[in-house]
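Here is the structure we will look at.
Residue indices begin at 1 and follow the sequence shown. Side-chain atoms are counted along with the backbone in the values below, which use heavy atoms only and exclude waters and symmetry mates.
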Amino acid sequence: MQYLAEGLRLPTNGLDYTILAIYFVVVLGIGFAARASVKTSLDFFLSGRSLPAWVTGLAFVAANLGATEILGMAATGAQYGVAVVHWYWIGAIPAMVFLGLVMMPFYYRSKVRSVPEFLLHRFDKSAHLLSSVLFAFSAILIAGVNLYALSIVVEALLGWPQWVAIIVAGLFVLVYITIGGLSSAIYNEVLQFFVILAALIPLTLLGLKRVGGWDGLSGSLEKQHGADFMTAWGGTGIGDANPLGANWLTIILGLGFVLSFGYWTTNFAEVQRALSAKNLSAAQRTPLIAAFPKIFIVFAVMIPGLVAAVLVPKIGTPGSDLTYNDAIPLLMQELLPNGVLGIAVTGLLAAFMAGMAANVSSFNTVFTTDIWQRYVKKDKPDAYYLRFGRLITAVGVLASIGTAFIAASFSNIMTYLQTLFSFFNVPLFVVFIIGMFWKRASMKSGVWGLLAGTTAAMVNYFVIYKQGIIDIPSDQGANFVSAIVGFVAGAVVMVAVTLFTAPKPEAELAGLVYGTEAPGAEEPPEQGDDAWYRKPALLGWGAMILAALCYLPYSL
């Protein structure tokens with residue numbers, strides 16, 4: 001991500017700043033209100049497993065509405081056109097449904113407090129420790145990316161110095177998470193979800209009106225970029241050239257399977273929201289409820305990018321001072337009156353803070369429960385871990401501020417962020433999926449699968465792609481290939497190691513492998529469980545069918 005253009009300073013006034021100030025007051029108020037419910041470490045890290053499904057579902061989708069979702073996907077729309085739908089209808093919805101229907105019963109019934117803790121039960125301490133360290137490291141890096149993205153937007157739009165924006169936003173996140181724990185983060189994410197939509201929907205509607213509706217938008221872009229720009233699959237045949245630098249096979253396998261399932265099913269920043277639900281049924285419904293707004297959010301981020309490509313045909317072209325990342329700020333400057341402008345700026349800040357808060361709250365849980373409590377300070381009173389959790393939250397925020405300044409040294413943060421997912425999430429996913437569906441997978445295969453998958457993905461990206469050994473048209477295409485390579489390498493090594501090492505005793509696999517039941521897994525039914533909206537399978541099939549219907553016009 002490059003700096004936004006200097007000419008994008010917004011004409012904000014006192015009304016806009018008042019709206020922004022009200023938002024920050026409400027955020028802190030939610031943090032203080034949530035404090036009363038935090039009495040144990042479980043309350044702090046997992047909201048006492050007491051939240052209703054609609055709250056955790058909205059928090060689940062809001063936690064993903066960060067830098068990549070708002071600026072990044074609008075930029076992708078301006079650059080690649082309608083192909084951006086791949087990141088939603090192929091790269092999100094199927095994996096979210098799979099998480100709800102298949103994986104959440106394993107997570108929730110095993111009573112784990114984090115994703116890495118599941119690996120401890122399924123494999124051994126080495127797999128658990130390695131996954132905990134890798135996740136904690138990546139969470140801080142990604143939180144820093146959100147902070148840095150926020151700072152360059154605020155600097156360009158409001159004129160605040162970058163370091164001021166980074167520190168102010170970081171301190172606000174620190175205060176409300178330290179005080180109210182995960183409950184504060186989740187309830188603020190629910191608020192942020194609606195604030196973000198209040199920013200994006202007017203921008204989308206006014207943008208469409210400016211370019212003559214969908215027909216006017218389509219006609220203009222097809223003249224500028226060709227018919228393939230307004231279709232999802234145009235030019236994606238194997239051997240065909242397209243700006244995305246990927247063909248249908250790498251899109252389906254790299255994005256649709258490996259990257260998306262790796263992110264949505266093992267990224268604890270997302271799964272933590274489902275684990276905080278009040279029972280298994282609510283935990284399963286969390287990603288399924290989130291899948292429905294996720295289907296439609298693509299329009300609110302894609303259409304502004306497409307509109308920007310019409311209004312500013314030179315955006316992102318050589319010689320222009322406007323990058324694709326300028327799409328959303330351009331429309332805010334061009335279309336929104338004061339007041340609505342304040343809501344839009346607040347929505348952007350909310351998006352970045354939600355992304356940062358999700359990663360910080362998952363970091364403090366993993367570091368406290370999976371590293372500190374398990375390997376450094378064992379068997380301390382619960383109050384000790386509650387105090388330490390608050391302390392490590394402060395450390396995590398300060399570290400995120402540091403990594404935000406480190407991120408400033410990278411010329412393309414969007415690529416950097418996507419590359420992190422292929423390095424860290426994909427190897428974790430292959431270990432999970434083999435461990436869940438293959439009883440024979442040995443205890444030692446987990447750690448070696450993680451190492452092999454991460455190493456192979458890095459070698460493919462930094463050596464095979466960057467050194468030009470194999471020609472891949474774009475960084476994004478290279479990420480898809482790295483994800484596939486990491487998945488295959490991890491799987492092959494797990495199988496090979498399993499053949500020469502001892503399996504976990506079958507008695508210890510209850511509830512950890514598909515087809516086995518955890519002791520005491522049955523739960524008393526909720527009152528009103530016969531309602532359709534309480535049935536995860538119906539919600540899951542509904543999300544998949546709705547996504548398929550949305551996708552049909554673009555696949556023709």
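- Heavy atoms only, all atoms of each residue included: A274 and A283 are closest at O-CB, 3.4 Å.
- For the pair R49 and Y108, the distance from NZ or CZ to the six-membered ring centre is under 6.0 Å and the angle to the ring normal is within 45 degrees.
- Closest of all the heavy-atom pairs between A357 and R273 is O-NH2, 4.2 Å.
- Contact record, R285 with A53: NH1-CB, 3.6 Å, taken as the closest heavy-atom pair.
- Annotation for T266 and Y107: closest pair CA-OH, 4.0 Å, computed over non-hydrogen atoms.
- Looking only at side-chain heavy atoms (C-beta outward), I140 and N359 stay at 4.5 Å or farther from each other.
- Residue F32 qualifies as open at atom CZ: its count of foreign heavy atoms under 6.0 Å is 12 or below.
- Within the 4.5 Å cutoff, the side chain of F135 has heavy atoms near those of the N267 side chain.
- Side chain to side chain, S114 and Q272 fail the donor-acceptor criterion of an N or O pair below 3.5 Å.
- A donor-acceptor distance shorter than 3.5 angstrom exists from the side chain of S47 to the backbone of S183, with no hydrogens or angles considered.
- Looking at F60 and M96, their side chains come closer than 4.5 Å, going by heavy atoms from C-beta outward.
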* Asked: Yes or no on side chain to side chain contact (heavy atoms under 4.5 Å, CB included) for E334 and L330, after CA distance, side-chain angles and deciding distance?
  -> CA-CA 6 Å; E334 182 75 15; L330 266 173; over 6 Å; no

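- Heavy atoms of other residues, nucleotides or ligands lying less than 6.0 angstrom from CZ of F137 number 12 at most.
- To the nearest 0.5 Å, atoms OG1 (T346) and CG (L20) are separated by 4.5 Å.
- Test N364, T178, T368 against T393 for side chain to side chain donor-acceptor pair (under 3.5 Å) and you get one pass: N364.
- The heavy-atom pair separating G347 from A199 by the smallest distance is CA-CB, 3.9 Å.
- In this structure the side chain of F299 never reaches within 4.5 angstrom of the side chain of I201, judged on heavy atoms.
- Distance CD1/I177 to CZ/F44: 8.0 Å, rounded to 0.5 Å.
- For the residue pair D215/S218, the side-chain donor-acceptor check at 3.5 Å is not satisfied.
- A heavy-atom distance below 4.5 Å is not found between the side chains of L134 and F423.
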Show, in sequence, the C-alpha distance, side-chain angles and deciding distance for R113 and L46, and conclude whether the side chain to side chain contact (heavy atoms under 4.5 Å, CB included) test is met. CA-CA 7 Å; R113 292 166 293 179; L46 287 178; 4.0 Å; yes

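- Under the 4.5 Å side-chain criterion, counting only non-hydrogen atoms from C-beta, Y88 is not in contact with I295.
- We find the CG-CH2 distance between L58 and W54 to be 6.5 Å, quoted to the nearest 0.5 Å.
- Looking only at distances, a side-chain donor or acceptor of S37 sits under 3.5 Å from a matching main-chain atom of A34.
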Open item on the list: Would N425 and F261 count as a side chain to side chain contact (heavy atoms under 4.5 Å, CB included) here? Give the steps.
Closed with: CA-CA 9 Å; N425 290 95; F261 277 68; over 6 Å; no

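- At a threshold of 4.5 Å between non-hydrogen side-chain atoms, the residues L191 and Y23 count as touching.
- Aromatic ring centres of W264 and F429 lie farther apart than the 6.0 Å criterion allows.
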>> Let's go through I186 and S276 carefully: what are the C-alpha distance in whole Å and the side-chain angles of both, what is the deciding distance for side chain to side chain contact (heavy atoms under 4.5 Å, CB included) to 0.1 Å, and is it a yes or a no?
In response: CA-CA 9 Å; I186 285 178; S276 66; 3.3 Å; yes

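- Between atom CZ of residue F193 and atom CG of residue N64 there is a gap of 11.5 Å, rounded to the nearest 0.5 Å.
- Going from atom CD1 of I343 over to atom CD1 of I196 covers 13.5 Å, rounded to the nearest 0.5 Å.
- Between L197 and P202, the shortest heavy-atom contact is O-CD, 4.0 Å.
- One finds the OG1 atom of T56 at 10.0 Å from the CG atom of L182 (value rounded to the nearest 0.5 Å).
- Put simply, the side chain of V38 reaches to within 4.5 Å of the side chain of L386, judged on heavy atoms.
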